[in-house]
Amino acid sequence: MSFRTKMIAGIALIQALFLFAILMSSLAVLARSRDQALKIRAVSDARLFATAAANALVSEDMGALQRLVRQVVRNRGVVYAAAWDGDGRLLAQAGAGAGRPHTFRAVTSVAVDGTSYGKVEVLLRHRGFGRVLAAARRRIVAIALGELLLVGLVSWLFGRYLMRRIGAIEAGTARIARGEFGFQLPTEGDDELARMIAGFNAMSVQLQALQDEAARRHHEVLTLNERLEERVHERTEALAVANRELEYLAMHDPLTGLPNRILLQDRLLQAIRAASRQPASFALMIMDLDGFKDVNDSMGHEAGDRLLQETAKRLTGQLRQSDTAVRLGGDEFAILLPTVARDIDAGAIARKLLRALEEPMVLGDQTVRVTASVGAVLFPAHGDDVSTLLRRADRAMYEAKRERHGFLVFAPVMEEEGDDRVRLQADLEHAIRHGELVLHYQPKVDLVTGKTSGAEALVRWNHPTLGMLPPARFVPLAERTRLIEPLSLYVLRTAAVQARAWADAGRPLPIAVNISAINLGDGEFVGHVERILTDAGVSPDLIELEVTETALMRDPECAEAVIRALSNLGVRVSIDDFGTGYSSMAYLRKLTVARIKIDKSFVMDMGVNRNDGVIVRSIIDLGHSLGLKVVGEGVETADAMAVLASLGCDYAQGYHLARPMDAEAFDAWRQANP
Ligand code: C2E
Ligand code: CA
Ligand code: CA
């Protein structure tokens, strides 16, 4: 049943019930007043009858009494009349009617001068009044029904009027539900419905405004997204370009455009593999200019640079396509000759190169004549791995320079040690066994939180006669002999004990230990590390190992395997002096290292040399793109630290924060700088 029908039916029913009730109650009032009138008449008729009957009763004239009774009954409405004597005996009666509805009985005693002679009774009834009442009731029902109809009709019309306007609101609601906003419903009048429609219209406008706003926002977000994507794309491109540049830079010497040490190592490795398969020989030469320092000092760096560029040009001018000329650094060059198999052929080429250099070079307004020293090795006669070949070619070059030979091929005698070295070596052996080596610790600080995040252990030799020796004085010596192994293990053991002590004291701090390339090549090294950690009872995450990038590149495959084994132990590995070893991005990706440490030379010169700033930034980006944390070393000033922080570098280490110090001093420093 619709709302309208319900409303109409309700109103009509209430109306009809009310009307019915009112009419019926007036009918009841009417009937009651009629009865009342009848009662009064009955009493007065009885009184008249008593007066008239008095003579007949006194005289005991029964005939007159009977006539009188019959006469009374003939009166309108009287249905029964009777007379009794003083003893209650019925003397005369006429009519009938006792027990009928709507009859009224009146009894009056007949007294004369205070003496009662009997009593008379009259019964009155209004005849036909029941019929009148029934007719009135029927009419009332008819009127009520008519009323019902009329009210129904009026309500229906009124409902139609109401529903037309409510229907408009209903349709509007449906449109809103469909998501149509902003339309207006027609308003008429000023009643509640009109106000409701006005409110509805306001809501529709408001919704439209909200929808427009949402659409605008959505559009904005889309545009922003697009712009962001563009930017990401640009950045990615820029990063790719930077990476290519970095890789080129990593492989080439910017001054001469020649390949650098890393590319040489790569080519050497390839040459070794190719020659091993054939089998065949090849030659490697290292050349060092004589007196280059003098040119630099007397004529300036620019002249020095021009000399190096000219040298590079002349060298490549003398070589074949398959040969590689490399600038190793400073005034040192290397030449890889894949097709040269004999000493004499190498010698012939070396002399050709030296002659080409001796042609006068014009630098500004001066002319110089360049001489150089060349050392050569042959594969496989003088070595069958990259580092041995390079080291021995270098050795031969030094001998050539020392003996002013111009050119020398390596000979085993060149590697025999001098007397001094033998003595220092014996001392070092003794020092390791007798605890003359001490560790100093330098803090590493988190650039975001400012907290100390670790320490680097740096070894010193407390020499009985020479005093405190820096690592540069004895680590290279240890590396040339087998002593680097006990040295590294000694340092590692000491650091592990220290790490345990700090942890036990409730202030654990990871300690980084430097290891050398030779340790990486030692098949037992990882086992040693594991045992040392177990013996000291120290958790592997409290010891970190630092390997220089150059050490990694000596034998990249082996280094990769050792680093993987170490990280399986839970020991983290960092790449030290990053930026000097020319590793490639592809290679770095393979390593499971935790962080890279930017070589301190770049950080220290960042303020003065723009190129160094660029390199620092590139290394940080490169490290982050590989998911590695980056440490800036050699932070000597607050400025350098601020620049590193602004470039997003993660940790800093350097004299600005603290110099390396013994464990006790370090403890005190840490207490002051938590
Ligand atoms: P490294 O691993 O690069 O260590 C950092 C060197 O930079 C330390 O020199 C440290 O004193 C120095 N340094 C730190 N902050 C600054 C700074 O702000 N400015 C400057 N100019 N220098 C700073 P240290 O102690 O003389 O060590 C030199 C190198 O010796 C080390 O370089 C590391 O390669 C090697 N080394 C040190 N201890 C060990 C060791 O136990 N085992 C091995 N194999 N090598 C070690
Ligand atoms: Ca280091
Ligand atoms: Ca370093």
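Counting starts at 1 for both ligands and their atoms, following the listed order.
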For [X] and ligand 1, answer yes if some heavy atom of the residue is under 4.0 Å from a ligand atom, otherwise no.
X: E633; value: yes
X: H656; value: no
X: P470; value: no
X: H440; value: no
X: A472; value: no
X: E479; value: no

Could you tell me which atoms of ligand 1, counted from 1 in the order shown, lie closer than 4.0 angstrom to a heavy atom of [X]?
X: V635; value: 18 (O)
X: E456; value: 2 (O), 4 (O)
X: D577; value: 3 (O)
X: P660; value: 11 (O)

- prompt: Any protein heavy atom under 4.0 Å from atom 34 (O) of ligand 1?
  reply: no
- prompt: When only distance counts, is T548 in polar contact with ligand 1, meaning an N/O pair under 3.5 Å?
  reply: no
query: What about S488: any of its N or O atoms under 3.5 Å from an N or O on ligand 1?
result: no
Measure the distance from [atom] to every protein heavy atom, then report the residue, atom name and distance (to 0.1 Å) of the closest one.
atom: atom 21 (N) of ligand 1; value: E636 OE2, 3.0 Å
atom: atom 36 (N) of ligand 1; value: P471 CB, 4.0 Å
atom: atom 44 (N) of ligand 1; value: N514 O, 3.7 Å

When you compare the side chains of [X] and [Y], does any donor N or O come within less than 3.5 Å of an acceptor on the partner?
X: R531; Y: H528; result: yes
X: T324; Y: R267; result: yes
X: T371; Y: D290; result: yes

message: Once you measure the plane-to-plane angle for H252 and Y248, does it fall in the parallel (<30°), tilted (30-60°) or perpendicular (>60°) bin?
response: parallel
query: When the ring planes of F474 and W461 are compared, do they come out parallel, tilted or perpendicular, using 30° and 60° as the limits?
result: perpendicular
- prompt: How is the N/O/S atom of E546 that comes nearest to the Ca ion (ligand 2) named?
  reply: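 The Ca ion (ligand 2) is closest to the E546 atom OE1, counting only N, O or S.
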Nearest-0.5 Å distance that lies between atom CD in E456 and atom CG in L439: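 It comes to 11.0 Å.
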task: Supply the atom-to-atom distance D621 CG to L246 CG, rounded to the nearest 0.5 angstrom.
output: 9.5 Å
message: Using a distance threshold of 3.0 Å, state whether an N, O or S atom of N514 lies below it from the Ca ion (ligand 2).
response: yes
query: Out of V547, D576, L458, L439, whose heavy atom sits nearest atom 8 (C) of ligand 1?
result: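 When every heavy atom of V547, D576, L458, L439 is considered, L458 comes closest to atom 8 (C) of ligand 1.
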statement: Nearest non-hydrogen contact to atom 38 (N) of ligand 1 from the set V459, L487, I484 belongs to V459
Test salt bridge (Lys or Arg N to Asp or Glu O under 4.0 Å) applied to R595 and D650, step by step: CA-CA 10 Å; R595 34 180 155 237; D650 305 286; over 6 Å; no
query: Can you give the angle E456 OE2 - the Ca ion (ligand 2) - D576 OD2, rounded to 10°?
result: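 OE2 of E456 and OD2 of D576 make an angle of 170° at the Ca ion (ligand 2), to the nearest 10°.
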- request: Answer whether the closest heavy-atom distance between the side chains of H301 and N296 falls below 4.5 Å.
  value: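 Side-chain contact under 4.5 Å: yes.
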task: Can you tell me, to 10 degrees, how wide the angle at the Ca ion (ligand 3) is between OD1 on D577 and OE1 on E633?
output: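 Approximately 130° at the metal, rounded to tens of degrees.
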